[in-house]
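Heads up, the thing below is written out as structure tokens.
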Number of protein chains: 2
Amino acid sequence: MARKPRQARSKATVNAIVEAAFIAVAQHGPAAATTRQIADIAGISVGSLYEYFSNKEAIFGAMSERFVADTVAMIQPRVPELVRKDMREAILDMLVYFRAFLQENDELYLKCARHAFTMDFEEYLEPVQRLLLDIVTQHMMRHPETARVRNIAAMTYIYINGGIFAVVRHLSEQNPSITFEELSQGLSDMVGHYVDQELALAKQSSHNRSS
Amino acid sequence: MARKPRQARSKATVNAIVEAAFIAVAQHGPAAATTRQIADIAGISVGSLYEYFSNKEAIFGAMSERFVADTVAMIQPRVPELVRKDMREAILDMLVYFRAFLQENDELYLKCARHAFTMDFEEYLEPVQRLLLDIVTQHMMRHPETARVRNIAAMTYIYINGGIFAVVRHLSEQNPSITFEELSQGLSDMVGHYVDQELALAKQSSHNRSS
DNA sequence: TTGAGTTCCGAATTGAATCCGAACAAGCAT
DNA sequence: ATGCTTGTTCGGATTCAATTCGGAACTCAA
């Protein structure tokens, strides 16, 4: 960002630019979305873009940040409810929430997320990763029996990458080879079975040790 | 591709263009890689690019095809060996192969794969999906006890998306939060535990039914 | 050897990203 | 209120890369 906004109206301008960018990218993809389009949609002139963003990349960066922040804000209030549930159900719920989130506003976010990697999206994922780790931690405190599961960090890493990308890809496909229900059930069982199996192994090994 | 190559030399040119594109993209990223750079590296003129590719996108498409084909070619000869192994070990092996593949030639492929999604990479994944499904099928024929696992299709879908993207992302990170060993162990256990758990459930339910 | 088809070239065109200096609006002191 | 300073917006000028085009150079079969 080339300059910090001092006055209220310029904050509104920055906001308008980011929202316009979402619309333009959803319509034409990130490569074909031009600064003129973004400026037109935002109702400002092209030059003004460069008062707040040093280049087009920076606008994409702000979009990524916004997307991640909105995702977190969407899940956050549901955390108390999620951690109370059975793990499989919690995961299914999250996936359904995430799908609804991607599809709101005529799939605005989904259409952008499809191309997200242009924008070095991964760099911005950290808050989501933190949120998920937080949920897992809280969940474990309420379900102490799950404390013996190994490799929680690796699991959340895999899950966040595999889960987000698989869902985004799936929703973008015209005729996917599996249904969304199969996909979400698969993701949930994959985690659920993993945990069950880890617990079974832990029980078995402690049994062996004590006998 | 604007024209089909008729003569031998033009096939070499097409090849040179694709290889040059890999180098240019690895160096500058897909957005900053210019047609001039690609032409220079390939040792041809800019205009010649357009004899074989209708635009830059098409070159990226050819890169994706090449990448997928090379990946399949790298795994294919190892299929007989893989299907003989225990599932967890087979997965670990595949991941190690894949890492080595990404890192050869000074990480040429890895550097390009990082940005792969610009190029609508997903469209080209189908051969990999087929290969993986083929491996699973052959594996099941040798290990008939695994036939009762449900949702094989969903599992390979999740695995191909989650696995490839998690590995590419992990290898691209400067200081990843987990090691490659933890990641690959996690991916392998995730699948392994899933299968084990499914088999346990299947055994249990058939037991219930017969009692 | 030759000419029809193929391949290659690089200057010219086009259009988008970015820069810049002038015009405009807001805040502030008098 | 009035003039001054600083923040904000504008849109044309500039720059640079993608793509086009007309013709030169090459290949190969007859």
Side-chain angles (χ1 to χ4, degrees), chain A residues 1-64 112 115 117-120, chain B residues 1-64 112 115 117-120:
Chain A
M1 189 163 311
R3 198 177 60 213
K4 261 197 284 280
R6 306 287 172 86
Q7 301 183 356
R9 86 181 145 139
S10 68
K11 285 194 186 125
T13 303
V14 170
N15 202 49
I17 293 172
V18 175
E19 309 220 310
F22 270 110
I23 294 170
V25 169
Q27 261 171 12
H28 307 97
T34 70
T35 51
R36 180 176 304 280
Q37 285 164 8
I38 295 173
D40 284 353
I41 296 171
I44 61 169
S45 90
V46 198
S48 299
L49 288 181
Y50 290 86
E51 298 293 327
Y52 301 103
F53 297 96
S54 49
N55 52 40
K56 214 165 73 159
E57 278 295 294
I59 299 178
F60 291 162
M63 290 170 68
S64 297
C112 295
H115 309 283
F117 300 89
T118 317
M119 324 175 184
D120 283 309
Chain B
M1 187 162 312
R3 198 176 60 213
K4 262 197 281 281
R6 306 286 171 87
Q7 302 182 358
R9 84 178 147 143
S10 69
K11 284 194 188 127
T13 303
V14 169
N15 202 49
I17 293 172
V18 175
E19 310 221 310
F22 270 109
I23 294 170
V25 169
Q27 260 171 11
H28 308 97
T34 70
T35 49
R36 182 175 302 279
Q37 284 164 10
I38 296 173
D40 283 353
I41 296 170
I44 60 167
S45 89
V46 202
S48 299
L49 288 183
Y50 290 87
E51 299 291 329
Y52 301 103
F53 297 96
S54 51
N55 53 38
K56 213 165 74 159
E57 278 297 293
I59 300 178
F60 291 161
M63 289 170 68
S64 297
C112 295
H115 308 283
F117 299 90
T118 317
M119 324 176 186
D120 284 307

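The chains referred to below are lettered A, B, ... by the order of the sequence lines, with proteins before strands, and numbering in each begins at 1.
Distance B:Phe53 CZ to D:dT19 P: 13 Å, rounded to the nearest Å. A straight line from NZ of A:Lys56 to P of C:dC19 spans 14 Å, rounded to a whole angstrom. The CD1-P distance, from A:Ile17 to D:dT9, rounds to 8 Å in whole Å. Computed from coordinates, the A:Glu51 CD to D:dC10 C1' distance equals 9 Å when rounded to whole Å. Rounded to whole angstrom, the span from the CG atom of A:Leu49 across to the C1' atom of C:dT18 amounts to 10 Å.
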A:Ile59/A:Tyr52 under side-chain contact (heavy atoms from CB on, under 4.5 Å): CA gap, chis, key distance, verdict: CA-CA 9 Å; A:Ile59 299 178; A:Tyr52 301 103; over 6 Å; no
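Under the 4.5 Å side-chain criterion, counting only non-hydrogen atoms from C-beta, B:Ile44 is in contact with B:Leu49.
In this structure, of C:dT18, D:dT8, D:dT19, it is D:dT8 that holds the atom nearest to the side chain of A:Tyr52. The side chain of A:Thr34 approaches C:dA17 more closely than any other nucleotide in the set C:dC8, C:dA17, D:dC10. The side chain of B:Ser45 lies closest to C:dC9 when the candidates are D:dT9, C:dT18, C:dC9.
The CD1 atom of B:Ile17 lies 13.5 Å from the CZ atom of B:Phe22; values are rounded to the nearest 0.5 Å. Atoms CZ and CD1, on B:Arg36 and B:Ile41 in that order, are 13.0 Å from each other to the nearest 0.5 Å.
In this structure, A:Tyr50 does not reach the D:dT9 phosphate: none of its side-chain N or O atoms is under 4.0 Å from OP1 or OP2. Phosphate contact (OP1/OP2 of C:dA17, side-chain N/O of A:Thr35, threshold under 4.0 Å): present. Distances shown here put a side-chain N or O of B:Thr13 below 4.0 Å from the OP1 or OP2 atom of C:dC8.
If you check every strand for non-hydrogen atoms under 4.0 Å, B:Ala33 touches sugar and phosphate atoms only. A:Ile44 comes within contact range of the sugar-phosphate backbone alone, with a heavy-atom separation under 4.0 Å but no base atom that close.
Put simply, the side chain of B:Lys56 never gets that close to the backbone of B:Thr34: no donor and acceptor are under 3.5 Å apart.
Heavy-atom distances to DNA chain C give each of B:Ser48 and B:Arg36 a nearest nucleotide, and the one nearer the 5′ end belongs to B:Ser48.
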